Amino acid sequence: MSEAASADFVPARWRRVLVALVGVKAVYTAVVAVMVALGTDYDTRRAAQVFANWFPAGWPPEPRGRWERHFATWDAEHYLYLSAAGYSAGARSIAFYPLWPLVIRAGAVLNGLSPVAAGLTLANLCSLAGWLLFHRVAARRWGESLADAALALLVAFPGALFFQFIYSEALFFLLVMGLWWALEQRRHGLAWLAAALAPLTRGVGVFAVLPLAWHVARVHAGGAGLRRLVAKWGLGPKTSPSGEPKAEIRNPKSEVPAAGTAPATAPGRTGLPAWTLPLAPLAGWGAYLGLMAYWTGDPWAGVAAQRFWGVHEVAHLWDLPKFVEGFFEVSAWHAYQGSLLDRLGFLLLLYTLPVQWRLGRDLLAWTLMLGVLPAMSGTFTSFVRFEACAFPLFLGLAGFFTALRWKGPEWGFLLVCLGLHGLLLWRFLNYHWAG
């Protein structure tokens, strides 16, 4: 933590942030209720086609009520199906990862709620906790002002609408924030748990090995040879683990040690060897394959089921020509494929990279995991939704806007985001494509 950040960090302020976020959730709920009550554009024909093409006969067991149907659109219906029917060979829905459906089932059983009500409640609780963690970690490293701006940008972002509904984004973001917080606090046991659960929630979670490997190499470099190599490339003595100038680290209470050091008893350290952290996502992926083998008889059944969507493939990650060509294949302002909005979102991510570099070079590893790889694997399909979890984007935007003397650009950008957010929200609730 730099001296400036230390002066702008108020530990007890989390209560005020929590109250503000609860207020945002309350207003959002009221807006959704008004949209559902007044909406007359629900696409019943599209809904019937989706049910006929993707689900077995007899699903759902009872027709969705007038209100419930607005919250069980697109991927949400797949998660609800999996939470009730489980995983079985041949079902198309098994392309979705299991932790979120299992959480929905547990919530419905324990609280006696309907699956839809349980999913909505859990999604909002997870996103609320994830947003709060995001703000507090950002405030500790860069100060309250930047954290406030980053949180506002995150909540207003168009793809953030999925944090409120029965999608895996809320749980995945909470796990990512838990992992980031645990790494910052040197709580390796909690970091291990969050990193292992991430691949069970979203396939991209296995790439948490990237920020974890960076963390181990930068903060817990074990050996003079590696430290000399880090110093040779200018990444060691001149910077802190977060990429801040070493000379600015003057706060004796900071829990971020100087680069190249690994105190035997770092604050909050659990004793779990740091070098094991990159193994956690691999263990989570192994657990996923084991569960799929147990449920379907084929560990790769879920991966194979992704062919039904015809979008995401691991092979796309090294097919750079296809990725570049796909960027220019725009066919609509926003649609399942060829979305201009998704591609503009990717350009926005690229624009923030220099600011991310200045804030902390570790952010680039997170951006590669949460932003670049999802864009490549699916050739920008649903990118505005996936991008909502790429938290360095909002830190980079906040760093850019807070450096400006005039706040007009920041407010203008927020208004554009809110307008797009509202439009996508209306589309989502009425079974039109949103992300």
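All values reported here derive from a predicted model rather than from experimental measurement.
With hydrogens and angles ignored, the 3.5 Å screen pairs no side-chain donor or acceptor of His316 with any backbone N or O of Gly378. Side-chain atoms of Arg92 never come within 3.5 Å of backbone atoms of Trp309 as a donor-acceptor pair (strictly under, hydrogens ignored). Remark: the backbone N or O of Asp342 is not paired with any side-chain donor or acceptor of His334 at under 3.5 angstrom. Side chain of Trp192 to main chain of Ala280: no donor-acceptor pair is present (N/O by atom type, distance under 3.5 Å, no hydrogens or angles). Between the side chain of Gln164 and the backbone N or O of Ala160, at least one donor-acceptor pair lies under 3.5 Å.
A cation-pi contact links Arg202 to Phe172, judged by a cut-off of 6.0 Å to the six-membered ring centre and 45° from its axis. For Arg385 and Tyr167, the positive end is not near the middle of the six-membered ring at less than 6.0 Å and at most 45° from its axis. A cation-pi contact, defined as under 6.0 Å to the ring centre and within 45° of the axis, is absent between Arg136 and Trp14.
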Review point. Checking side chain to side chain donor-acceptor pair (under 3.5 Å) for the pair Trp59/Glu77: CA distance, chi angles, key distance, verdict?
Key: CA-CA 10 Å; Trp59 179 262; Glu77 191 67 71; 3.0 Å; yes
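Taking the six-membered ring for Trp and the full ring otherwise, the centers of His70 and Phe428 sit at least 6.0 Å from each other. Taking the six-membered ring where the residue is Trp, the centroids of Phe346 and Phe323 are separated by under 6.0 Å. Ring centroids of Tyr288 and Trp285 are separated by less than 6.0 Å, placing the two rings close together. Ring pair Phe391/Trp180: centre-to-centre distance below 6.0 Å. A centroid separation of 6.0 Å or more is found between the aromatic rings of Phe134 and Phe394.
Of the candidates Phe162, Phe96, Phe165, Tyr97, Tyr79 forms a ring-ring contact (aromatic ring centres under 6.0 Å, His included) with just one, namely Phe96.
Salt bridge status for Arg13 with Glu144: present, with a side-chain N to carboxylate O gap under 4.0 Å.
Thr379 is not listed as a side-chain neighbour of Phe327, based on a closest heavy-atom distance of 4.5 Å or more.
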